[in-house]
Protein chains: 2
Amino acid sequence: MTVAYPGPAVVVEDVAAAVEVMRSQGLRVSASRRVVLTVLFAAPGPVPAEQIADGLGGRFPLSDLGSVYRNLETLERVGLVRHLHLGHGPGLYAVAERDNQEYLVCEHCHAVRAVSPTDLDAVRGRLRDDFGFTASFGHFPIVGRCADCRDAPPRDHDHGHEHGRHA
Amino acid sequence: MTVAYPGPAVVVEDVAAAVEVMRSQGLRVSASRRVVLTVLFAAPGPVPAEQIADGLGGRFPLSDLGSVYRNLETLERVGLVRHLHLGHGPGLYAVAERDNQEYLVCEHCHAVRAVSPTDLDAVRGRLRDDFGFTASFGHFPIVGRCADCRDAPPRDHDHGHEHGRHA
DNA sequence: GTGGCACCTGCGAATGGGTCGCAGGAGTCT
DNA sequence: AGACTCCTGCGACCCATTCGCAGGTGCCAC
């Protein structure tokens with residue numbers, strides 16, 4: 001990880017278009033990079049690296065987790081991929097264009113709600129007005145209680161093994 | 001970690017008072033638990049477990065990191081301690097009463113700004129109004145750009161090895 | 001003040017997520 | 001087709017944290 005210069009998100013809507021971007025950036029188009037992109041496009045939301053290495057349930061076998069991480073980093077550097085951290089648990093990766101969203105995560109039921117950045121502008125505005133701080137909830141989401149769990153008793157407030165369903 | 005039932009924060013202002021709470025909870029007051037508390041009270045802000053095991057620069061030598069983790073968990077369960085995650089990097093621990101704060105972390109210069117929960121009520125209010133979501137920024141802070149770094153170019157957006165100074 | 005028993009400690013090994021170095025393999029350009 | 005890199009797979013490694021176990025110790029009762 002540690003993406004030195006995460007480029008601005010590049011908009012592509014399929015693997016072929018992503019491959020074009022890769023070529024235009026001087027990156028080689030290898031089989032494993034195609035698989036990484038294929039899995040990311042096929043996934044319903046952000047997925048952990050290990051799931052990418054599994055090749056979407058064995059349909060696209062990929063051998064090496066280390067290479068997956070390197071490819072994710074490379075693809076993130078050119079802006080095709082992004083990653084985020086939902087609480088604890090492994091980092092999650094997604095196609096940048098398809099996932100330029102910000103997240104609200106319920107610490108109780110682990111539900112994940114994706115919202116478009118503009119929906120959070122009012123919140124961001126308050127933070128800027130009150131603290132001169134410009135928040136971004138893409139990489140580290142907002143954690144708290146969703147409406148359903150507002151009054152639920154505390155349970156445990158650590159580990160994020162379960163990746164809540166997306167709303 | 002994985003605190004099963006993090007009790008409500010217990011308010012104590014020194015090690016002696018914390019020891020009282022421990023006794024009242026049926027916990028044994030061991031030397032190493034005293035050291036953990038002493039270090040936490042002496043620290044200027046949240047500190048990683050390893051720094052606790054170091055015993056505040058060797059002044060209070062503690063042998064075993066594993067025991068430190070176990071004690072932190074135990075003390076957190078009774079509400080004397082809490083922990084949080086500032087970006088990447090190890091978890092940070094603090095005396096619950098002294099640190100019932102919420103945090104804003106700059107992803108660029110890693111500065112950490114502690115604010116009292118009430119100062120974020122307006123922000124929380126917007127989130128509740130707009131999404132029915134009750135946010136808490138104590139365990140996972142708000143990440144973004146502080147005023148100084150608002151217009152700085154992107155640099156890297158991962159790893160939090162440096163624990164920014166507190167504001 | 002001395003047992004005794006459960007709890008706590010220290011140690012070491014293990015786990016999970018992620019990175020790195022290296023040697024060989026495969027895109028790409030000509 | 002050749003050559004030059006980059007990319008891959010493998011294994012070792014790192015860090016933060018957890019776990020199992022055997023032995024030590026705080027605390028309560030007598």
Side-chain angles (χ1 to χ4, degrees), chain A residues 1-4 19-20 22-37 46-55 60-78 81 83-93 156 158-163, chain B residues 1-4 19-20 22-37 46-55 60-78 81 83-93 156 158-163:
Chain A
M1 96 169 27
T2 302
V3 175
V19 164
E20 282 316 296
M22 288 173 63
R23 285 195 209 282
S24 79
Q25 297 290 317
L27 295 178
R28 292 184 184 172
V29 180
S30 65
S32 79
R33 284 181 179 169
R34 267 182 208 280
V35 171
V36 168
L37 288 167
V47 292
E50 193 156 7
Q51 193 168 323
I52 297 170
D54 284 352
F60 308 93
L62 256 192
S63 41
D64 182 41
L65 188 54
S67 294
V68 169
Y69 277 110
R70 278 181 300 217
N71 283 333
L72 287 169
E73 182 189 334
T74 300
L75 294 173
E76 186 158 14
R77 190 159 42 229
V78 300
V81 163
H83 82 274
L84 65 149
H85 302 271
L86 298 189
H88 305 103
L92 303 180
Y93 295 82
D156 69 273
D158 244 359
H159 72 343
H161 297 163
E162 28 272 314
H163 309 116
Chain B
M1 87 174 35
T2 301
V3 174
V19 164
E20 283 316 296
M22 289 173 62
R23 284 194 211 282
S24 78
Q25 297 292 315
L27 295 178
R28 293 188 183 167
V29 179
S30 65
S32 80
R33 284 181 178 167
R34 267 181 208 280
V35 172
V36 168
L37 288 167
V47 292
E50 192 155 10
Q51 193 167 324
I52 297 170
D54 284 353
F60 308 93
L62 256 191
S63 41
D64 182 41
L65 188 53
S67 296
V68 169
Y69 276 109
R70 279 180 299 217
N71 282 332
L72 288 169
E73 182 189 334
T74 300
L75 295 172
E76 187 159 12
R77 190 160 43 229
V78 299
V81 163
H83 82 272
L84 64 151
H85 302 272
L86 297 189
H88 305 102
L92 303 180
Y93 296 81
D156 69 273
D158 245 0
H159 73 342
H161 297 165
E162 29 272 314
H163 311 114

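Note that this is a predicted model, so its numbers are computed, not measured. Below, read A as the first sequence line, B as the second, and so on, with proteins coming before strands; counting in each chain starts at 1.
Side-chain atoms of Arg70(A) and base atoms of dG9(D) include a donor and an acceptor less than 3.5 Å apart. Arg23(A) contributes no side-chain N or O that forms a donor-acceptor pair with the base of dG27(C) under 3.5 Å. Residue-to-nucleotide contacts include no donor-acceptor pair under 3.5 Å from the side chain of Arg28(A) to the base of dG25(C).
Of the inter-residue distances, the one linking His88(B) atom NE2 with His85(A) atom NE2 reads 3.0 Å to the nearest 0.5 angstrom. Once rounded to the nearest 0.5 Å, the distance linking CZ of Arg70(B) with OG1 of Thr74(B) reads 9.0 Å.
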Given side-chain contact (heavy atoms from CB on, under 4.5 Å), test Leu62(B) with Val36(B) step by step and report yes or no.
CA-CA 9 Å; Leu62(B) 256 191; Val36(B) 168; 4.1 Å; yes
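Atom pair Ile52(B):CD1 and dA16(D):P shows a separation of 13 Å (rounding to whole Å applied). Atom CD in Glu73(B) sits roughly 15 Å away from atom C1' in dA16(D) (whole-Å rounding). Rounding to whole angstrom units, CG of residue Leu62(B) and C1' of dC11(C) are separated by 15 Å. Atom CZ in Arg33(B) sits roughly 14 Å away from atom C1' in dG10(C) (whole-Å rounding). One can place CD of Gln25(B) at 16 Å from C1' of dC7(C), the figure rounded to the nearest angstrom. Separating the OH atom of Tyr69(A) from the C1' atom of dC7(D) is a distance of 19 Å, rounded to the nearest angstrom. When rounded to the nearest whole Å, the span between CG of Leu92(A) and P of dG17(C) equals 11 Å. The CG-P distance, from Leu72(B) to dC8(C), rounds to 14 Å in whole Å.
Heavy atoms of Ser67(A) sit under 4.0 angstrom from at least one base atom. Nucleic acid contact class of Leu65(A) (heavy atoms, under 4.0 Å, all strands): none.
Across dT17(D), dT28(C), dG9(D), the shortest atom-to-atom separation from the side chain of Val29(A) is found for dT28(C). Residue Asp64(B) places its side chain closer to dG10(C) than to any other of dG9(D), dG10(C), dT17(D).
Nearest heavy atoms, Arg33(A) versus Met22(A): CD-CE, 3.5 Å. The shortest non-hydrogen separation linking Ala49(A) to Leu72(A) is CB-CD1, 4.0 Å.
Checking the phosphate oxygens (OP1, OP2) of dT8(D), a side-chain nitrogen or oxygen of Asn71(A) falls inside 4.0 Å. Between Ser32(A) and dT8(D), a side-chain N or O to OP1/OP2 separation shorter than 4.0 Å is present. Listed pair Thr74(B) / dC8(C) fails the phosphate criterion, with no side-chain N or O lying under 4.0 Å from OP1 or OP2.
Mapping Ser30(A) and Ala31(B) onto DNA chain D by nearest heavy atom places Ser30(A) closer to the 5' end of the strand.
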